[in-house]
Amino acid sequence: IADALMAPLHLILPIALLMTISAAAFLYGDMPVNWLGGNTGTWLTLGHLLVLLIFLAIHITNRRYGAGYALAQVVGAWAFGLAAIWAARSDLGMLVSRPLPEMREAISFGGALFLGQAVAVAVFDRTRGPKWWQAPLFASFWGGVILCLIGFPAAYAGTEVGWTATMVSYLGVMTGGAIILVAPYWAMRGIVPPKSGFGGY
């Protein structure tokens with residue numbers, strides 16, 4: 001009974017963290033990342049990069065509490081986030097300087113991100129072990145793959161938007177980001193102890 005009562009308390013901080021990162025990704029979705037050089041600055045924004053931190057936040061929860069809590073973190077953050085969007089739907093346009101996405105685009109990428117997060121939870125849980133880097137690396141990678149391969153076609157297939165090159169480029173960004181984010185995950189291993197029963201991993 002005590003564990004059941006404590007479970008929601010364990011989720012307060014993870015859900016708040018995930019919602020904060022997601023809100024930042026939305027708010028900075030119009031800030032170009034020209035400092036990376038090349039042609040990515042024409043479409044890549046800080047919001048795109050912050051999506052990587054969404055996966056990192058889920059990995060940390062998965063490490064500390066397990067897959068059940070991590071999935072509950074994802075579902076809880078989406079539930080609260082969608083409720084907040086609905087409540088403030090008339091004021092959303094004032095938060096960003098760019099036009100809000102079309103309904104098809106919002107549903108496509110929102111659904112793809114949710115599926116990517118769920119896949120990341122499952123992959124992390126299956127690959128955690130003595131090779132500590134496998135879980136965060138593979139989970140971020142496959143989460144990014146799901147986001148790209150589902151989100152872009154669902155949002156733009158059949159339209160006049162040239163999306164294939166952007167999808168491939170963003171998939172490359174997500175892959176590189178998955179590799180880079182192994183470093184902060186490694187740094188947090190000493191701060192965030194793993195769930196018992198996983199041998200320290």
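FYI, side chains are in, hydrogens and waters are out, and symmetry mates aren't considered; it's all heavy atoms of this structure.
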Quiz item: How does the hydrophobic cluster around Met103 look, that is, which other residues are in it when side-chain heavy atoms under 4.5 Å mark a link?
Solution: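 Met103 shares its hydrophobic cluster with Ile107.
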Practice problem: Among Ile, Leu, Val, Met, Phe, Trp and Tyr joined by side-chain contacts under 4.5 Å, find the other residues sharing a cluster with Ile180 and list them by chain and number. | Solution: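 Grouped by the 4.5 Å side-chain rule, Ile180 forms a cluster of one, so the answer is none.
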What pairs meet the side chain to side chain donor-acceptor pair (under 3.5 Å) rule with one or both residues in [range], with sequence neighbours excluded?
range            : answer
residues 172-183 : none
residues 13-22   : none
residues 130-143 : His59-Ser140
residues 104-127 : Trp78-Gln117, Glu105-Tyr156

Would you give the length of the straight line joining atom [atom1] of [X] to atom [atom2] of [Y], rounded to the nearest 0.5 angstrom?
X      : Y      : atom1 : atom2 : answer
Ile60  : Gln73  : CD1   : CD    : 10.0 Å
Thr61  : Tyr69  : OG1   : OH    : 11.0 Å
Phe141 : Ile179 : CZ    : CD1   : 9.0 Å
Arg63  : Arg128 : CZ    : CZ    : 7.5 Å
Leu17  : Leu56  : CG    : CG    : 8.5 Å
Met31  : Leu44  : CE    : CG    : 12.5 Å

Using the test side-chain contact (heavy atoms from CB on, under 4.5 Å), find all partners of [X] that sit at least two apart in sequence or belong to another chain.
X      : answer
Ala16  : none
Pro153 : Trp163, Met167
Ala72  : Leu11
Met19  : Ile15, Ala77, Phe80

Please give me the minimum heavy-atom distance between [X] and [Y], naming the atom from each residue.
X      : Y      : answer
Tyr185 : Pro136 : CD2-CG, 3.5 Å
Val182 : Ala178 : CG2-O, 3.5 Å
Ile21  : Leu53  : CD1-O, 3.7 Å
Leu181 : Leu52  : CD1-O, 3.3 Å
Ala120 : Phe55  : CB-CD2, 3.8 Å
Val74  : Leu18  : CA-CD2, 3.9 Å

Quiz item: Between Asn62 (side chain) and Val121 (backbone), is there a donor-acceptor pair under 3.5 Å?
Solution: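 Yes.
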Practice problem: Would you mind reporting whether Thr45 and Tyr28 have side-chain heavy atoms less than 4.5 Å apart? | Solution: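 A side-chain contact is absent here, since even the closest heavy-atom pair is not under 4.5 Å.
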Quiz item: How about Arg64 and Pro193: do any of their side-chain heavy atoms sit closer than 4.5 Å?
Solution: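 Arg64 reaches Pro193 side chain to side chain.
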Self-check item: ILVMFWY cluster, Leu149 and Val161 together (side-chain gap under 4.5 Å)
Solution: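 Yes; Val161 is reachable from Leu149 via cluster members.
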Quiz item: Would you say Leu82 and Ile54 are hydrophobically clustered, going by side-chain heavy atoms of ILVMFWY under 4.5 Å?
Solution: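 Leu82 clusters together with Ile54.
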Practice problem: Could you please spell out the steps behind the side-chain contact (heavy atoms from CB on, under 4.5 Å) verdict for Tyr170 and Leu147? | Solution: CA-CA 10 Å; Tyr170 191 42; Leu147 170 60; 4.1 Å; yes
Exercise. Could you tell me which residues satisfy ring-ring contact (aromatic ring centres under 6.0 Å, His included) with Phe138, sequence neighbours excluded, listed by chain and number?
Key: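 Phe138 satisfies ring-ring contact (aromatic ring centres under 6.0 Å, His included) with no residue once adjacent residues are dropped.
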